[in-house]
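Working notes, structure below.
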Number of protein chains: 2
Amino acid sequence: MKRDSKLSGVLHVLLHMAEQSRPITSEVLAKAMCTNPVVIRRIMAGLRDEGYVRAEKGHGGGWTLACDLEKVTLRDVYDALGSPVLLAMGNRSESPGCLVEQAVNAALDQTFRDAEALLLARLGEVTLAALSADFHKRLSARGGKHDLETAHAS
Amino acid sequence: MKRDSKLSGVLHVLLHMAEQSRPITSEVLAKAMCTNPVVIRRIMAGLRDEGYVRAEKGHGGGWTLACDLEKVTLRDVYDALGSPVLLAMGNRSESPGCLVEQAVNAALDQTFRDAEALLLARLGEVTLAALSADFHKRLSARGGKHDLETAHAS
DNA sequence: GTTTCATGTAACTTCATATGTTACACAATG
DNA sequence: CATTGTGTAACATATGAAGTTACATGAAAC
């Protein structure tokens, strides 16, 4: 099964926006993410509705951050994406009357629930600010400068 | 994203086989699982290769358990299925040179690894025997008798 | 031995879903 | 009012999982 990388992608975009004071257009973001402007808008719609980003139309328009990086966790971002499923596996729930199936599901359910809870808890512990700080640490370690365009040129 | 229920389904099948001393054909299993005999064979191939089940051809043939339920864990079954991906989300890894992406991936990776480790550890703790015992507990609690065919009739 | 019943597996088809694309309405800026 | 941008619906494409067909192989019944 193919893994969904929306969360990873959105975080990537958000951190880039944090480095940029000017609005960034969907088109530019799409180039950086190797995808399509419309896809970007679709993904960002949830974040906009939650007020984490703002979209402006017209000349000089585009996306800007509209939240305090300290206050927004990866969990918040995840939720804004519509809380997509975390686990690639689930229970069969045909034949709910079958006691064998009930036994199997009971065993797996608890395991799955715990793993999901762990994931959500972890995501809730990390703020965008923490990610940004990590980025800046890497940046000064490498001593380079940063640019959205060139960083994704290859 | 749709969840894969192969593990759940296979466990279901295995427990039913444990209740039955006669071999069960792919066709019967397929009916019970609402699927196709060929799909059953495909799924069971891994288990057969690991020696957990045996397949016999010809009259009176079919699938039988070939392992000690005490010794086989859900983790073993999971592995026999080819260790399918556990998490529905993953990292983008385009632009590996981008420091933003590195920071994002570092944060998510650890979380994802931990969740996977938790899942695998849990699966490793539960034996087929434990599942079977749970089933029998439910069975006597309901006081009924058990039959593969009727349990999936609806 | 040959007929029947079963698995083993390759090849193909179908289906569901995620992603990409087009098109156009709407809004803001110069 | 032309240009540049988002918002979104509608459609197209691609990907992969599941279902299906077909046939080879092997074992048991007769």
Side-chain angles (χ1 to χ4, degrees), chain A residues 1-10 13 17 20 22-66 80-85 87-90 92 94, chain B residues 1-10 13 17 20 22-66 80-85 87-90 92 94:
Chain A
M1 187 172 291
K2 200 181 169 184
R3 282 172 164 167
D4 175 11
S5 56
K6 262 199 282 277
L7 179 59
S8 171
V10 164
V13 160
M17 284 167 56
Q20 196 101 19
R22 315 282 317 141
I24 313 181
T25 66
S26 302
E27 193 170 0
V28 170
L29 288 178
K31 283 243 169 60
M33 306 276 299
C34 299
T35 181
N36 189 291
V38 177
V39 175
I40 295 288
R41 293 189 195 117
R42 269 206 290 250
I43 294 176
M44 300 285 281
L47 297 178
R48 182 195 55 218
D49 294 346
E50 293 299 320
Y52 300 146
V53 297
R54 189 188 352 262
E56 282 160 312
K57 298 180 175 179
H59 281 273
W63 298 91
T64 44
L65 272 180
L81 291 178
S83 310
V85 297
L87 301 185
M89 317 189 71
R92 252 178 54 97
E94 312 155 27
Chain B
M1 185 175 289
K2 200 181 168 186
R3 283 174 163 164
D4 175 12
S5 57
K6 262 200 282 279
L7 178 60
S8 172
V10 164
V13 160
M17 285 167 57
Q20 195 101 20
R22 317 278 319 140
I24 314 180
T25 66
S26 303
E27 192 170 1
V28 171
L29 289 178
K31 283 244 170 57
M33 305 277 299
C34 300
T35 181
N36 189 290
V38 177
V39 174
I40 294 288
R41 293 189 195 116
R42 269 207 288 251
I43 293 177
M44 300 286 280
L47 298 178
R48 183 195 55 218
D49 294 346
E50 293 299 319
Y52 300 145
V53 297
R54 191 187 349 265
E56 282 160 314
K57 298 180 175 182
H59 280 273
W63 298 91
T64 44
L65 273 180
L81 291 178
S83 311
V85 297
L87 301 185
M89 316 189 74
R92 250 177 57 96
E94 311 154 28

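Predicted, not measured: the structure shown is a model, and the values here were computed from it. Naming convention: chains lettered A, B, ... in sequence-line order (proteins, then strands); numbering from 1 in each chain.
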Quick one: [X] [atom1] to [N] [atom2], roughly how many Å, whole number?
{"X": "A:Leu47", "N": "D:dG7", "atom1": "CG", "atom2": "P", "answer": "12 Å"}
{"X": "B:Met33", "N": "D:dA18", "atom1": "CE", "atom2": "C1'", "answer": "13 Å"}
{"X": "A:Leu29", "N": "C:dG20", "atom1": "CG", "atom2": "P", "answer": "14 Å"}
{"X": "A:Met44", "N": "D:dT8", "atom1": "CE", "atom2": "C1'", "answer": "16 Å"}
{"X": "A:Ile40", "N": "D:dG5", "atom1": "CD1", "atom2": "C1'", "answer": "15 Å"}
{"X": "B:Met1", "N": "C:dA18", "atom1": "CE", "atom2": "P", "answer": "7 Å"}
{"X": "B:Ile43", "N": "C:dG8", "atom1": "CD1", "atom2": "C1'", "answer": "15 Å"}
{"X": "A:Glu27", "N": "C:dT21", "atom1": "CD", "atom2": "P", "answer": "13 Å"}

Roughly how far apart are [X] [atom1] and [Y] [atom2], rounded to 0.5 Å?
{"X": "B:Trp63", "Y": "B:Leu29", "atom1": "CH2", "atom2": "CG", "value": "9.0 Å"}
{"X": "B:Ile24", "Y": "B:Lys31", "atom1": "CD1", "atom2": "NZ", "value": "13.5 Å"}
{"X": "A:Met33", "Y": "A:Lys6", "atom1": "CE", "atom2": "NZ", "value": "11.0 Å"}

Kindly say whether A:Arg92 contributes a backbone atom to a donor-acceptor pair with the side chain of B:Ser8 at under 3.5 angstrom?
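Yes: the side chain of B:Ser8 pairs with the backbone of A:Arg92.
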NA contact type, A:Gly62, heavy-atom cut-off 4.0 Å: base, sugar-phosphate, or nothing?
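Sugar-phosphate only.
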Of all the nucleotides listed ([options]), which has the minimum atom distance to the side chain of [X]?
{"X": "B:Arg42", "options": "D:dG19, C:dG8, C:dT21", "value": "D:dG19"}
{"X": "B:Val38", "options": "D:dA28, D:dA22, C:dA23", "value": "D:dA22"}
{"X": "B:His59", "options": "C:dT21, C:dG30, C:dC5", "value": "C:dC5"}
{"X": "A:Thr25", "options": "D:dA29, C:dA6, D:dT6", "value": "D:dT6"}

Is it the case that atom CZ in B:Arg48 sees more than 12 heavy atoms from other parts of the structure closer than 6.0 Å?
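For B:Arg48, atom CZ is crowded (more than 12 foreign heavy atoms under 6.0 Å).
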Which heavy atom of [X] sits nearest a heavy atom of [Y], and at what distance?
{"X": "A:Met89", "Y": "B:Val85", "answer": "CG-O, 4.0 Å"}
{"X": "B:Leu47", "Y": "B:Ala80", "answer": "CD2-CB, 3.4 Å"}
{"X": "A:Thr64", "Y": "A:Met17", "answer": "C-CE, 3.3 Å"}

For a quick test of reading the model: is some side-chain N or O of [X] closer than 4.0 Å to OP1 or OP2 of [N]?
{"X": "B:Thr35", "N": "D:dA18", "value": "no"}
{"X": "A:Lys6", "N": "C:dT19", "value": "yes"}
{"X": "A:Arg41", "N": "D:dG7", "value": "no"}
{"X": "B:Ser26", "N": "C:dT7", "value": "yes"}

DNA chain D: 5'-proximal contact among A:Lys2 and B:Val39 (nearest heavy atom):
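Between the two, 5'-proximity favours A:Lys2.
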Under 4.0 Å from any atom of DNA chain C, heavy atoms only: list the residues of residues 48-57 of chain A that qualify, in numerical order.
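Listed by number, they are A:Lys57.
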